[in-house]
Amino acid sequence: MKQLFLLCLLPTFVWGQRFTTAELTRYQQQANRVTIVRDNWGIPHIYGKSDADAVFGLLYAQCEDDFKRVELNYIEKLGRLSELNGEKDLYNDLQIRLLIDTTEAIADYKKAAPWLKKLLNAYADGINFFLHKNPQIKPRLLTKFQPWYPLLWTDGSIGAISTADLTVTDLKNFYSGEATAAIPEPKDPEYQTGSNGFAFAPSKTASGNAILYINPHVTFYFRPEVQVVSEEGLHAYGAVTWGQFFVYQGFNQYCGWMHTSCNVDVADMYAEKVVKKGNTFFYEYEQKLKPVTEKQITIKYLDGTVLKSKTFTIYYTHHGPIMAKRDGKWVSLRSFNRSLTSLIQSWQRTKAKGFDDYKKVMDLKANTSNSTVFADNKGNIAYWHGNYVPVRDKSMNWSKVMDGSVATTEWKGLHSVDETVHIYNPANGWLQNCNSTPYTAAGENSPKKSDYPAYMAPDGENFRGVNAVRVLSAGSGYTIDKVIEAGYDTYLSAFEVLIPALVKAFDQSIKPTDSLYAQLAAPMDILRKWDYHTSEQSIAATLAIEWAQKLTPTIMRLYINEGEADQVQNTKRFVASATPSQLITPFVTTLGELKTRFGKWNMPWGEINRFQRLTGDIQSKYDDNQPSIPVGFASAMWGMLPSYNSRPYAGTQKRYGVSGNSFICAIEFGPRIKAKSLLAGGESGDPASKHFNDQSEMYAKGKFKEVLFYKEDVLKNAERTYHPGQ
C-alpha cells in the first residue's frame, strides 16, 4: 500500500519539478562545457565547445539579465498575450495565430537538419536550466520552453509581422461580428522605429580598413549586447533580440552586418469573390469555384481572475487567411512571416567569412523584413535593399488590393539576389541607409530607380536620409571615433524646410501693432537665428519640436507605398500650401503649453528631454521627481541621426525617452578587430544590478566604451567567470 501511495505521488512530483532527471543530467553536462565571462560592463562573453554549447550559454545568460523579456517575446509569438492581458489582446493573438502557425513550426523542427536541431534543443535547454537553477524566478506563463519556439520567429527583427496594409482593427471588424466597427487606437505621431547603417570603404578611412556603423533604432532594452564563441568557428559579437539564439546586428572576425527596416513589398492583399452555397463558402478563381478552407482557433483570455476562451471560425483561400472585408469583398493576405529557411539564414550569416560567403547566405532569400549594410576585412562594402522579393507583374500597383480571382496576380517565384536593389563597392566609398530610399544610398553612385520594379523599393526619402548623405558626402579619413561623430550629427534637416516657413508667416502676417507680436517676437527671433542643431542648451530645439509635432500627420509618415509622396515631398508640399494660421496657431499653442507646464516658454531642450530608468518593468515608469539625465538628441522624425524618441507621460511634464538609439557600435575590420559600442541604460534588466544604469550617462552624451572582442582582453577585464548554474 505504501508503494502504491508513492507511485501515485510521482507524477505530481515530476510535474512540480517540471524537468525529468534525464533532462537535468543533460542540462548539467552541457553547462559544464560552457564558460560565461562577464566583463566590467556586465556584457556576457559565452565560450562553448560546440555551437550548441554556445547557444545554451547564450540563452542562460539572457535569462540572467532579463528573463521576463525573453518569456514575453514568446508569449506574443505563441498568440497568448490575452492570457495575461485579457480581452483587449484577443485580436492581436488572433492575428499571430493566423500568420504564425505552431503546427508548421513543430513540423519544421522535426525535419530540421541535425546541426540545426542541436541548436534548437540547446536554446530550450539553456532557458529551462536557468528556470531550474533559479526557482525564485516565476514565469508568467511559460514554465517549460520548447525547442520549436525559435521557429515561430525566424528573422530577428523587432517582432513586427508583414501584413501589407491590413491591421488588427480590420481583423476585429471581420471576425468579431460586432455591429459597430472597431476604431484604431491613436498613435504617438512622433514615435518612429527604424535604424541607420553606414559602411566605409578603405578609400574613405584613415587606416585603409573598412568600417561599419551599426545603429538600430528600437524600443529601449529590447536587445542586449553579447558575444558568442565556439570551437566550431562561431565568433560573433553584437545585439541579440531577447530569446533568440543568433546575433542579429553585429560582426565576427571577418565581416559585419547591420539590418535596417525597409518597405520592400513582401506581402500582398487579395480581394476574393466569395459566395455561399448551403453552409459552405466558395471563392472564384479562374472562373471556377473553389471551397474556402475553414479552421477553428480557440484563444484563452483572462477575465478578472478567470481564464475564459473564445473560438473563432477562420477562413482561408490558397492565397492565405481572410483578414478583412473591404468594398463588400473578403480580403486575404499572402505573406511569409516565418520559415525554417529564414532561421537557417539568420544563423549562417553570423559565421560568414567575408563578402562572398555572406552573399551565398543571402542567396537563401528568406529575410523578409530587412535591408543589410555590410563591410568586411578585405575592404568590401555592400548594401542589399531587402532579400525576399516575390516576382510579380510589373504593370500592377502591388500596394493595392489585388484581384484574387485571376492567375495574373499570382507570385511567380522569387527574384535572385542580383536582381534585387543592391550596391557593391561604390566608387564614392561609403553607403548609408536610414529606412530611406536605396536610390540615394551611395549618393551619385546609387542605383537608378528606373532600373527596378516599383514593388522592390517603394521606400521614399526621409530627413534622416537627407542628413546622412549630407554628412557622409563631406567626410574622409574616417576613424572609429570620426564615424561615431558622423553618426551623432545633431542637425535636424526637417527644420531647414519648416522653420523658414514659420518665420516668413510671422513676418508677413503679424504686424508690430498686433496683439500677438509681443508674445511671438522673442521666440521667433531665436528660431530665426537657429542653425538647426539640437543640444541640451537649445531653446530653439524645444520650440521647433514641440511645435512641429502639432502639424499635419503627413509630414511624419516615414514608410510609404508605391506611388505615394515621401516625407520630404510631403513636408515641402505642406510648407508651400500652408496658410499663416496653419503655421502660427500651433506655435501660439506651443508657447502656452510650455508656460503651463514649466512657467516659461524659453526652456532648454535638455531640461525637458530626459533619460530615466527607474524599474525593470516591460512598461517603464517615469517620474519628474526622480533623478533623470538631460539628453540633447531628438526624434529621427526630424532628421536626427542619433534618434531619441521621447514624450510626456501621465503625471509628467518633462519628456522621457522610450526608443531610438539602443545598441550602437562602430567596427574597423583590420588584421585585428577594433570596435566601440554603447547600450541604452545598461546590460541588466535588474534595478539591483550595477549594470542596470551604468551606461546611462555615457548614452546621454554619446560616449562609447571599448569592445572586448578577444578573449585575452575579456579576461583582463573580467568581473565574473562561471559555468551556467553556478
Side-chain angles (χ1 to χ4, degrees), residues 188-190 463 490-556 567 570-610 624-625 628 630-635 637-640 644-657:
D188 179 357
E190 205 180 11
F463 285 109
T490 60
Y491 191 73
L492 299 180
S493 47
F495 290 115
E496 68 181 11
V497 178
L498 290 168
I499 294 300
L502 174 62
V503 172
K504 181 180 178 181
F506 169 76
D507 289 343
Q508 293 183 349
S509 64
I510 308 297
K511 307 301 181 187
T513 54
D514 292 345
S515 58
L516 275 179
Y517 188 87
Q519 180 182 349
L520 299 181
M524 284 293 178
D525 192 51
I526 289 173
L527 292 176
R528 195 188 306 273
K529 297 174 181 176
W530 188 32
D531 63 0
Y532 309 128
H533 286 270
T534 65
S535 70
E536 292 177 20
Q537 295 76 35
S538 177
I539 295 170
T542 301
L543 295 172
I545 293 165
E546 293 278 323
W547 163 71
Q549 64 189 16
K550 293 178 173 59
L551 302 178
T552 172
T554 61
I555 70 172
M556 303 181 205
Q567 185 197 19
N570 280 328
T571 302
K572 291 178 177 178
R573 288 179 185 178
F574 168 72
V575 162
S577 62
T579 65
S581 177
Q582 288 175 304
L583 297 166
I584 293 173
T585 299
F587 190 71
V588 173
T589 302
T590 297
L591 296 177
E593 289 178 351
L594 289 170
K595 289 177 184 177
T596 299
R597 287 160 60 192
F598 305 107
K600 60 180 182 178
W601 60 264
N602 49 341
M603 288 291 294
W605 181 234
E607 287 190 29
I608 71 168
N609 190 53
R610 315 290 290 185
D624 286 343
N625 297 315
S628 62
V631 177
F633 313 129
S635 171
M637 179 68 64
W638 313 118
M640 170 63 70
Y644 189 77
N645 296 314
S646 67
R647 62 178 177 86
Y649 288 80
T652 75
Q653 300 301 328
K654 297 177 182 179
R655 302 168 59 117
Y656 294 95

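One is the number of the first residue; the rest follow in order along the sequence. Just so it is clear, the values below take in all heavy atoms, side chains as well, and ignore hydrogens, waters and symmetry mates. Only a predicted model underlies this, so the values are computations on that prediction, with no experimental measurement involved.
For the pair L502/M524, a side-chain contact is recorded, criterion being any heavy-atom separation below 4.5 Å from C-beta on. Inter-residue side-chain proximity for S635 and I545 is flagged as unmet; no heavy-atom pair is nearer than 4.5 Å. Counting heavy atoms from C-beta on, the side chains of Y656 and R647 never come closer than 4.5 Å. In this structure the side chain of T534 never reaches within 4.5 angstrom of the side chain of Y644, judged on heavy atoms. Between V588 and Q519, the closest side-chain pair of non-hydrogen atoms falls below 4.5 Å.
Without hydrogens or angle criteria, R597 side chain to Q653 main chain gives a donor-acceptor distance under 3.5 Å. With hydrogens and angles ignored, the 3.5 Å screen pairs a side-chain donor or acceptor of Q567 with a backbone N or O of I555. Although no hydrogens or angles enter the test, the distance criterion places a donor-acceptor pair under 3.5 Å between the side chain of S509 and the main chain of A505.
For the ring pair (Phe, Tyr, Trp, His ring centres under 6.0 Å) test, no residue two or more places apart in sequence or in another chain qualifies with F598. Taking K511 as the reference, nothing meets the salt bridge (Lys or Arg N to Asp or Glu O under 4.0 Å) condition, with sequence neighbours excluded. Scored by the ring pair (Phe, Tyr, Trp, His ring centres under 6.0 Å) test, F495 finds W530, W638 as partners (sequence neighbours excluded). Residues passing the side-chain hydrogen bond (donor to acceptor under 3.5 Å, both in side chains) test with R528 are D507, sequence neighbours excluded. In terms of the salt bridge (Lys or Arg N to Asp or Glu O under 4.0 Å) criterion, D531 has no residue partners (sequence neighbours excluded). Partners of T590 according to the side chain to side chain contact (heavy atoms under 4.5 Å, CB included) rule, which considers only residues two or more places apart in sequence or in another chain, are E546, W547, K550, L594. Legend: residues meeting salt bridge (Lys or Arg N to Asp or Glu O under 4.0 Å) with E536, ordered by chain and number and at least two apart, are K701. Applying the side chain to side chain contact (heavy atoms under 4.5 Å, CB included) test to P523 and every residue at least two apart in sequence or in another chain returns L543, F587, L591, W601. For T552, the side-chain hydrogen bond (donor to acceptor under 3.5 Å, both in side chains) test picks out T554, with sequence neighbours left out.
The line from OG of S538 to NE2 of H533 is 10.5 Å long, rounded to the nearest 0.5 Å. The CD atom of E607 sits 8.5 Å away from atom CD1 of I539, with the distance rounded to the nearest 0.5 Å.
Closest approach of L498 and A548 over heavy atoms only: CD1-CB, 4.3 Å. Contact detail for N609 and F633: the closest heavy-atom pair is ND2-O, 2.9 Å. Smallest separation of non-hydrogen atoms from L527 and A540: CD2-O, 3.7 Å. The two residues T542 and I608 make their nearest non-hydrogen contact at CG2-CD1, 3.6 Å. Of all heavy-atom pairs spanning P630 and G606, the tightest one is CB-O, 3.2 Å.
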V497 vs F463, side-chain contact (heavy atoms from CB on, under 4.5 Å): CA-CA, chis, key distance, verdict: CA-CA 10 Å; V497 178; F463 285 109; 4.1 Å; yes

Candidate pair T490 and M640, rule side-chain contact (heavy atoms from CB on, under 4.5 Å), full reasoning: CA-CA 6 Å; T490 60; M640 170 63 70; 4.2 Å; yes

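Within the structure, the side-chain hydrogen bond (donor to acceptor under 3.5 Å, both in side chains) test picks out the following pairs touching residues 570-582 (sequence neighbours left out): T579-Q582, S581-T585. Sequence neighbours left out, the pairs with a member in residues 493-506 that pass side-chain hydrogen bond (donor to acceptor under 3.5 Å, both in side chains) are Y491-E496. Pairs of residues two or more places apart, or lying in two chains, never qualify as salt bridge (Lys or Arg N to Asp or Glu O under 4.0 Å) while including a residue from residues 514-524.
Residues D624 and Y649 have side chains that never bring a donor and an acceptor to within less than 3.5 angstrom of each other.
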